[in-house]
Amino acid sequence: MSKDNQVLEELTSKEYEHGWTTNIETESAPKGLNEDIIRFISSKKNEPSWLLEWRLNAYRQWTKMKEPRWPNVTYPPINYQDVIYYSAPKQKVTPKGLDDVDPELIKTFEKLGISLTEQKRLTGVAVDAVIDSVSVATTFKETLAELGIIFCSFGEAVQKHPDLIKKYMGSVVPVTDNYFAALNSAVFTDGSFCYIPKGVRCPMELSTYFRINAANTGQFERTLIVADEGSYVSYLEGCTAPMRDENQLHAAVVEIYAMKDAQVKYSTVQNWYPGDKDGKGGIYNFVTKRGLCAGDGSKISWTQVETGSAITWKYPSCILKGDNSVGEFYSVAVTNNHQQADTGTKMIHIGKNTKSRIVSKGISAGYSQNSYRGQVHIMKRAENARNFSQCDSLLMGDKCGAHTFPYIDVENNSARIEHEATTSKIGEDQIFYCLQRGIDEESAVALIVNGYAKEVLNQLPMEFAVEAQKLLALTLEGSVG
Amino acid sequence: MLSIKNLQAKIDDKQILNGINLEIKPGEVHAIMGPNGSGKSTLASVLAGREEYEVTGGEVDFLGKDLLEMAPEERAREGVFLAFQYPVEIPGVSTINFMKTAVNQIREHRGQQALDAVSFLQMMKEKMKLVEIDQSLLNRALNEGFSGGEKKRNEIFQMAMLEPKLAILDETDSGLDIDALRIVSNGVNKLRSKNNAIIVVTHYQRLLNYIVPDYVHVLYKGKIVKSGTKELALELEAKGYDWIKDEVSVA
């Protein structure tokens, strides 16, 4: 074994930072999935009957669907009857404000660096904190309400803004869109809802923080963002989970609806537990994220830094329906040890003069497999559509894999499409150059990787960018080959 | 400062250095010359600690420490600098960011506090003047899309920033036009002091018109076969390397 490989083996055994659990009493549904479980979830959440019907319909559709087999990932069959679909921290009273929230929960989030106490006003981030199946607190609600912005848990939105939910839920990701979206539609528990009224520029970053805590529990949250005409919002999403030997399922749905001239920027730093260095445990992250640029001149931008999860299956996409609408996808996906990622985007050009931009940076280390899968579809009436795609892969060591699956469908001759792809290795020459300047190997790798991912990291809001840089370095610690 | 005794090294299974002996004192500039394949760059790489080369014998003492025992980054932190013949590109990492990381890791090694942004920029501005380099170049990704001259100037800028005790310039003149050669050499000359030493590895005498060495050594087949003063370089320029090869084979 060469010296580099030794270093790699020694250092990739790094521990996952957020692998602890909180000891809170929970109330759970029994294991398994059937119509009674769905009725149980719906009644727990005190939902109107139309929503229960919606869920049951989704469930019936789901039972007829098949789990997708086309992603470039392998895992043993999932026993969907062995999952707990609802788990909530037991709280004596329904919290009306932060004062009513169990201090243990507040501590949990503080340990994760998320302050729910609204004292950190300077950070300018409003947070909806979700643990297992429920949202525990949403900060800055009142401040935002003054501008007419609605930012609350999904459950609360169902109660307080049923018309908006009824109108937009499922409008971007239909119930039967795919296997995991259907499953989510049947059993989703909580998540965040956000509405930005006409002409309002949301003055702070909105953020959802997801934490899986309970064992054997799946997390199925939904996020719905509706941006009315000419509005702007920047939305952040973060997530962590304890270290557990068994795999846990996370099947979320995120829908973004952008009206005329609205702009939505959605950033994710995904750090679910990736499993141990031998590939045991970790989250299966099967997520459907899609934005609809419904109005002319609207813009949706996805930025993701994917470092966690045992398996990632995720394609944040844009449907560019409005004329002159713009879709963007910036992604850094890092896989190490035995992680597998099949991630990318879809840009569906329907309107005239629509533009999309895809920048994907894959980084594979250890024994991991990292695939970019992307589709650019220019429909018939999409005159003068333009797309630029850049897909780069960086390999560390000689036991990992990087794959690129670009699909391009063009039905209109006026389209202009550019696709660039590169594959590179972190060179020993680059590392030695850094060493010779007195920079140690770990800092050298961090420097090189962050340089490689810079174009994407630059898209992240400030607070997140620093976090993401550290996370990248941590995930790849020592993986030099 | 640097004492090399009977240094032998190989790469893969090829023996390249066959017993190098060299003594360098503070303030001195030594030129290492020799025909292609004589082991000049190997010597530079071995001193910097490149892992592909295996040291098969000999000793190197640097300021009282066993240089061969040190990891490459330790050697750098102790004051060994290599100006690369082919500086690598690091996309997305500006020279400024790169140097800030290097300077602060070296400072930490010396028990000094990290420089804040303001003092770092101040230091950078001073060194920029010294080597006539433009800040726009330093804002760009390290060596990416740089011309040959820009790359070499950037190496000398880094040398200025890191203030090494021993600088090894590996074929710094290769790929330079006459103007770039002059600028690079001026930079090096300004960095010469009685406290540091420089090893200039070069194939041609041309560079030595600008960086005037105290001693010239000729390397051939992994050994220093002839040493002298700067006149030796002129003689080599006039006569080529063949007469040295002949001398060696006769001996």
Side-chain angles (χ1 to χ4, degrees), chain A residues 1-8 305 330 332 359 361 363 390 392-396 420 422-460 465-466 468-470 472-473 478 480-481, chain B residues 44-45 47-54 70-110 140-144 151 154-155 157-159 161-164 166-168 170:
Chain A
M1 201 181 342
S2 81
K3 199 181 164 202
D4 283 336
N5 281 341
Q6 271 176 25
V7 172
L8 182 142
V305 176
Y330 294 95
V332 179
V359 178
K361 305 268 182 177
I363 302 168
Q390 183 177 340
D392 297 332
S393 312
L394 187 69
L395 295 161
M396 302 170 84
E420 288 176 11
T422 66
T423 303
S424 50
K425 273 191 90 157
I426 284 199
E428 281 173 26
D429 284 356
Q430 286 175 321
I431 301 274
F432 182 70
Y433 192 85
C434 296
L435 294 176
Q436 211 302 305
R437 299 304 186 242
I439 300 170
D440 63 60
E441 186 160 300
E442 275 174 29
S443 310
V445 171
L447 204 62
I448 294 166
V449 166
N450 279 310
Y452 166 78
K454 193 179 177 190
E455 203 181 339
V456 174
L457 297 176
N458 279 351
Q459 298 294 325
L460 289 173
V466 178
Q469 278 188 18
K470 280 191 214 146
L472 278 188
V480 191
Chain B
S45 296
L47 291 178
R50 222 180 162 118
E51 273 174 22
E52 295 96 293
Y53 296 92
E54 191 191 331
M70 290 187 231
E73 66 271 29
E74 274 179 78
R75 300 183 195 199
R77 291 169 190 174
E78 289 288 328
V80 176
F81 179 90
L82 174 65
F84 286 77
Q85 182 177 5
Y86 304 109
V88 297
E89 299 179 358
I90 305 187
V93 179
S94 68
T95 304
I96 295 180
N97 189 9
F98 180 68
M99 272 295 103
K100 191 154 188 254
T101 310
V103 166
N104 283 334
Q105 288 213 355
I106 290 173
R107 289 180 69 89
E108 193 187 330
H109 177 76
R110 294 179 185 157
R140 280 167 53 188
L142 188 61
N143 292 321
E144 205 180 33
K151 283 184 185 171
N154 189 281
E155 292 293 291
F157 166 73
Q158 294 183 35
M159 173 178 162
M161 290 294 287
L162 302 181
E163 299 172 341
L166 173 70
I168 305 160
D170 189 8

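Computed from a predicted structure; not experimentally measured. So you know, we letter chains A, B, ... as the sequences are listed, proteins then strands, and number each from 1.
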Is there a donor-acceptor contact under 3.5 Å linking the side chains of Glu108(B) and Asn104(B)?
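No, Asn104(B) and Glu108(B) have no side-chain donor paired with an acceptor closer than 3.5 Å.
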
Ignoring hydrogens and angles, state whether a donor on the side chain of Ser443(A) or Asp440(A) is under 3.5 Å from an acceptor on the partner side chain.
yes

Glu420(A) CD to Asp392(A) CG distance, which is reported to the nearest 0.5 Å:
8.0 Å

Which of the residues Ile448(A), Asn450(A), Asp429(A) is involved in the greatest number of heavy-atom pairs with chain B at under 4.5 angstrom?
Asp429(A)

Best-contacting candidate, Ala444(A), Gly451(A), Ala453(A), against chain B by heavy atom pairs under 4.5 angstrom:
Gly451(A)

Can His109(B) and Glu78(B) be said to form a side-chain contact (heavy atoms from CB on, under 4.5 Å), step by step?
CA-CA 8 Å; His109(B) 177 76; Glu78(B) 289 288 328; 3.0 Å; yes

Going by the side chain to side chain contact (heavy atoms under 4.5 Å, CB included) test, name the single residue among Val449(A), Ile363(A), Leu395(A) that passes it with Ile426(A).
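It is Val449(A), the one option of Val449(A), Ile363(A), Leu395(A) that forms the side chain to side chain contact (heavy atoms under 4.5 Å, CB included) with Ile426(A).
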
Give, as side chain, backbone, both or neither, the part of Tyr452(A) having an atom under 4.5 angstrom from any heavy atom of chain B.
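The backbone, not the side chain.
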
Heavy-atom contact with chain A under 4.5 Å, split by part of [X]:
X         : value
Leu162(B) : side chain
Glu74(B)  : neither
Pro87(B)  : both
Arg75(B)  : neither
Tyr86(B)  : neither

Is there a side-chain contact between Arg110(B) and Arg77(B), using heavy atoms and a 4.5 Å cut-off?
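Contact flag for Arg110(B)/Arg77(B) side chains = no.
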
